[in-house]
Every structure is written in C-alpha cells, then in structure tokens.
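Reminder, nothing fancy here: chain letters follow the sequence lines and each chain counts from 1.
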Number of protein chains: 2
Amino acid sequence: MVEKSASLQEGDAAPQTRIQRAKRRQILEAGLTVFSEAGFRGATLDRIAGEAGLSKPNLLYYYPSKEAIYEALLRDLLATWLHPLQAIDPKGEPVEEILAYVERKLQMSRDFPRESRLFANEIVQGAPRIMPALEGELRDLVDTLAKVIKGWIAAGRLAPVDPHHLLFSVWSLTQHYADFDVQVRAVLNEDDPFPGAEIHLDTLFRRLLTP
Amino acid sequence: MVEKSASLQEGDAAPQTRIQRAKRRQILEAGLTVFSEAGFRGATLDRIAGEAGLSKPNLLYYYPSKEAIYEALLRDLLATWLHPLQAIDPKGEPVEEILAYVERKLQMSRDFPRESRLFANEIVQGAPRIMPALEGELRDLVDTLAKVIKGWIAAGRLAPVDPHHLLFSVWSLTQHYADFDVQVRAVLNEDDPFPGAEIHLDTLFRRLLTP
DNA sequence: CGTTCTTTTGACCGATTGGTCAAATCGGAA
DNA sequence: TTCCGATTTGACCAATCGGTCAAAAGAACG
C-alpha cells in the first residue's frame, strides 16, 4: 500500500481506497442532483457539499474544483446515455428494433430524469464543455446507425425516413418527458405521464416506420 | 402631451415617453439574448447592460431589478409563443390544421430560437417563475384544444391519438431544433437542418394523424 | 503509548454580482 | 438665457461565490 495516489485522473490507473471511492460517489450523486436542477453556473459548491453531507473544503479535497465534478459527471454519464443506441441490432427486425430503442430511451427519462436534465442544461446553453464528445463519439455512433437504417430502407423493411431526423425525433420525444417534466405535469391531468407516453410513442413510430 | 399611453401593461397605467419605450425595448432585446444563452442565474446585469449599450445603473433606471427584466420577457413572450396554437381552426380540415400548426411552430424555432431557449432554460430548471402561467393560460388553452381534437377523432376525421401527448409531440419535435441546435448541428452533415426537418415532420405527423 | 499518513474543518481571501446613491449631465420649455 | 425634470454615471456596498490554508482530528500500525 505504498503508492496510495499517483495520478487519480482518467487515463492512468487511479488507485483508491474503498472510502475514497464511496465519498466520490456521494459527491457525484449530490452533484448530479444540484447540477441537473440548476445548471453549471446555477449550482454552488455549498449546495453540493450540503447535499453530499460534507463541508466545502472537504469536498474540494476529493475534487479539485467545481468544474472537475461537473466534467466527471458528464464523462461518466455520456456512456450510460448512449448505451441504448448501441444496443440496436443491425440484424434484428427494423421496426421492432427502433421501437425497442424508443422504449429504452423513454424508460431512461422515467428512471434517470436528472441525467437527462444535466445534458439538457448543458446543450441548451451551447454545450460549452461537451461539444467535443458530440462531434466525436456521438456523431460517429449516429453515422454508423444512419447507414444501418439506410440499408433497412433500401431493403424495403422500413418506410423511407431521413435517418438523422428520425434519431432527433426519438431523442426529443423521449427526453421531453424528463426535461420538460414540470410543463407536462402542469398541463396534463394524470399524475404519471409515462403510461400514456409509452402507448403514444409506440403508435407514432409504428405508423411512421412500417413500410 | 401628457397622457401618451394609458394602460398598455397589465396592472396600473404606465405612461411612457417614446424614448423610454425605445430604451426598454433595447433592454428586453439584450436581455433576451443573454438570458436565452445563460439562463436566469447565468445572466449578469453587466452583460445585459453591455449588450444593450447602457451602463448598469442606467439599465436599473429602466427596470428595477434583474428579475423584473426576466419576468417582463417571460410575460411578453408567452403570448407570442402560444399564438400558433390559438390559430388552429376547429372548423378546418383536421390533419391539415395540425400540420400547419407544426409548420408554424417549426418556423418559430428557426426564426426565434432565443425565445425558444429562454423558455427551455426556464422549464428545464423547474419553471420557478412561469409555473402559474403553465397551470393557468397554457393548461386552459390545451384543454380547449384537446376537446376539439377529441371531436375530430370521434368524427373519424383524425386517427385516434391522445390529444395531450400529440401536443407534447409537436412541441418537443419542433422546439428541439431550436433548443438543441448545437447538438443537431454537431451530428448533422448539412448546415441548415430546417429543410430536412420540415419534410420529416410533415411525413411523421401525416402518417400519425391520417385516419 | 507515539508516529505517520489521511481526512476534516474553521477561518479567511479575492473576484464577481445585484443593487444603491449622490452628483453630474442632458434636453426641452419659457 | 435660465430653470427643472429626466437621464446617465462613477463610486461604492453587502452578499455570495469558488477556492486556499494551516491546523486539528482520525485512523493505522508497531
């Protein structure tokens, strides 16, 4: 147990005790709550520290700055957020593959609304810190999938649609229920919008995509 | 030239000279730019003042506080924002009425992206200042239109869809192109996403709604 | 017990922010 | 011109913010 902490950033191995890992998780959990509610600039270290049950200097002992917490969150969550997209199977039945993707995304809006709002805040304000990932990882993933969709359409197994705009539609329709939750609930009569949303989106995409 | 204007605002009479009105418009214009980029908390009076070409105390001579500017903006823009909805004609041809509404909303995303982002910022962060309007004006408008749509469906002139979720779909799909503009452009190959978006959304809603 | 490393904290700092105020300046009517 | 209200501004203030630091408090181990 000599080299306790060499370089604790990404890239290198980051040897951490179980306590350190637990505290960092606490901090990221608190950061997720606060950043998703208030955006980067609206969040304060005091609130994050309070939410995590730590003092402000103690929080800064584990993460060197507010930015470090925010960027750690963005980095960690991007993979999770993109996962449903990667799970689409090019060998599957096209319409059902996309409908399943829509349902997975909708489930994420229901189960992880903070994550959705974190990205929404970031992107609405110009994506100042996640732009590289958008133009890199995301774009590559999207381009790959666009080709798959084009193949499906060429084979007559999917109604002709612009693949990119199809993906935008999936994102906006599903994430709307997390990001604009308060508006949805203010306008809707029911308490839980998701049962209705699931049926609606299934219908919508089925009609759009069935050849 | 005493009583220039009687009561153009809500509440009390607010007599204003032409100069006052012009400066206030400058300030609201600058405020729209800054608030839509940074959200309420991210915006600073200095930036708004700079954008408006005024000193900070001078700005505060026309509006008593940062909140006052922000709320004036929200209040003034809500009507504009809701206008395309009110323009739906219950006596019209159902599918075409809704398609026209979609196109109007998409045009607004293209022509007034700042306004769209202003609301997006507000709502993503819990709509702390516009909630009453959501539960009042907006909800009433939506409920009225929901009945019209239900009537259309009952008459077999529109495919059966949940009216509320239909409206959510219109909002999310159209506003996405304004609010998540940077993401759309980062992923897309074209420069201007709107021509493609218009075709796509027309197809999408036509297939969804045609009985 | 003492020693050494890790963790926690109170006190503090400089920068920024929203907002105030008194004084200066402007602009038009007489 | 003079006068008077409307407008503009530099100087300033209190609160808040992100972040530092030295010292205290634990923990681990012999």
Side-chain angles (χ1 to χ4, degrees), chain A residues 1-9 14-28 30-31 33-35 37-74 121 125 128-129, chain B residues 1-5 13-28 30-35 37-74 121 125 128-129:
Chain A
M1 52 168 73
V2 187
E3 41 233 21
K4 262 275 170 66
S5 62
S7 65
L8 32 105
Q9 310 300 51
Q16 293 183 8
T17 70
R18 197 168 299 112
I19 296 173
Q20 281 175 330
R21 247 196 304 274
K23 292 258 158 131
R24 290 195 191 212
R25 241 204 309 271
Q26 275 180 48
I27 292 171
L28 290 183
T33 297
V34 176
F35 282 125
E37 281 175 17
F40 178 77
R41 199 168 187 280
T44 70
L45 287 179
D46 285 287
R47 255 203 79 196
I48 298 173
E51 202 88 19
L54 300 172
S55 67
K56 189 169 59 173
N58 196 12
L59 181 151
L60 287 164
Y61 173 74
Y62 289 101
Y63 283 93
S65 69
K66 182 180 172 182
E67 284 236 13
I69 304 173
Y70 187 70
E71 280 170 4
L73 273 172
L74 283 183
N121 266 299
Q125 302 200 357
R129 302 159 212 271
Chain B
M1 55 164 72
V2 189
E3 41 229 25
K4 262 274 171 64
S5 61
Q16 295 184 11
T17 71
R18 199 171 296 109
I19 296 171
Q20 281 175 331
R21 249 197 302 274
K23 292 258 159 134
R24 288 191 194 215
R25 243 203 308 270
Q26 275 180 47
I27 292 171
L28 291 183
L32 176 57
T33 296
V34 178
F35 282 125
E37 280 175 18
F40 178 77
R41 199 170 186 280
T44 70
L45 287 179
D46 286 286
R47 254 204 77 195
I48 298 173
E51 202 88 18
L54 300 173
S55 67
K56 190 169 59 171
N58 197 11
L59 182 150
L60 287 164
Y61 173 75
Y62 289 101
Y63 283 93
S65 68
K66 181 181 173 182
E67 284 236 12
I69 304 173
Y70 187 69
E71 281 169 4
L73 273 172
L74 283 183
N121 265 301
Q125 302 200 357
R129 301 156 215 269

Exercise. Rounded to whole angstroms, how far apart are CG on L54(B) and P on dC26(C)?
Worked result: 16 Å
Problem set entry | N or O in side chain of Y61(B) less than 4.0 angstrom from dT8(D) OP1/OP2 | no
Exercise. Under 4.0 Å between a side-chain N or O of K23(A) and OP1 or OP2 of dT8(C)?
Worked result: yes
For this session: Could you state the atom-to-atom distance from CG of L60(A) to P of dT7(C) in whole Å?
Result: 15 Å
Problem set entry | Sub-4.5 Å side-chain heavy-atom contact between I69(A) and F35(A) | yes
Exercise. Hey, does the side chain of Q20(B) come within less than 4.0 Å of dT7(D)'s phosphate (OP1/OP2), counting only N and O?
Worked result: yes
Seminar exercise, completed: Between CG of D46(B) and C1' of dT16(C) the distance, given in whole Å, is 9 Å
Exercise. So, does the side chain of K66(B) form a donor-acceptor pair with the base of dG19(C) at under 3.5 Å?
Worked result: no
Exercise. If we only count heavy atoms from C-beta on, is the K23(A) to Q20(A) side-chain gap below 4.5 Å?
Worked result: no
Problem set entry | Between P of dC17(D) and CZ of F40(A), the distance in whole Å | 13 Å
Exercise. Whole Å only: how far is the CZ atom of R47(B) from the P atom of dT17(C)?
Worked result: 11 Å
Exercise. Quick one: is R41(A) getting a side-chain N or O under 4.0 Å of the dT16(C) phosphate, OP1 or OP2?
Worked result: no
Exercise. Atom OH of Y63(A) to atom P of dT7(C): distance rounded to whole Å?
Worked result: 14 Å
Seminar exercise, completed: The nucleotide from dG19(D), dC17(D), dC21(D) with an atom nearest the side chain of P57(A) is dC21(D)
For this session: Please determine, for the side chain of S65(A), which listed nucleotide (dT20(C), dG19(D), dT17(C)) has the closest atom?
Result: dG19(D)
Exercise. Contact class for A68(B) (heavy atom, under 4.0 Å): base, sugar-phosphate, or nothing?
Worked result: nothing
For this session: Keeping the roles fixed (side chain from R41(A), backbone from A38(B)), state whether a donor-acceptor pair exists under 3.5 Å.
Result: no
Exercise. Counting only N and O atoms by type, is there a donor-acceptor contact under 3.5 Å from the side chain of K66(B) to the main-chain atoms of F40(B)?
Worked result: yes
Exercise. Base, sugar-phosphate, or nothing: which does L45(B) touch, judged by heavy atoms less than 4.0 Å apart?
Worked result: sugar-phosphate
Exercise. Is A43(B) touching bases, backbone alone, or none of the nucleic acid, heavy atoms closer than 4.0 Å?
Worked result: sugar-phosphate
Seminar exercise, completed: In whole angstroms, the gap separating P of dG10(D) from CG of L59(B) amounts to 15 Å
Exercise. For dT8(C), does either OP1 or OP2 sit under 4.0 Å from a side-chain N or O belonging to Y62(A)?
Worked result: yes
Exercise. Can you check side-chain contact (heavy atoms from CB on, under 4.5 Å) on E51(B) and I48(B), steps first, answer last?
Worked result: CA-CA 5 Å; E51(B) 202 88 18; I48(B) 298 173; 5.7 Å; no
Problem set entry | Atom-pair distance (NZ on K56(A); P on dC21(D)), nearest Å | 15 Å
Problem set entry | Short side-chain N/O contact from N58(B) to OP1 or OP2 of dT9(D), under 4.0 Å | yes
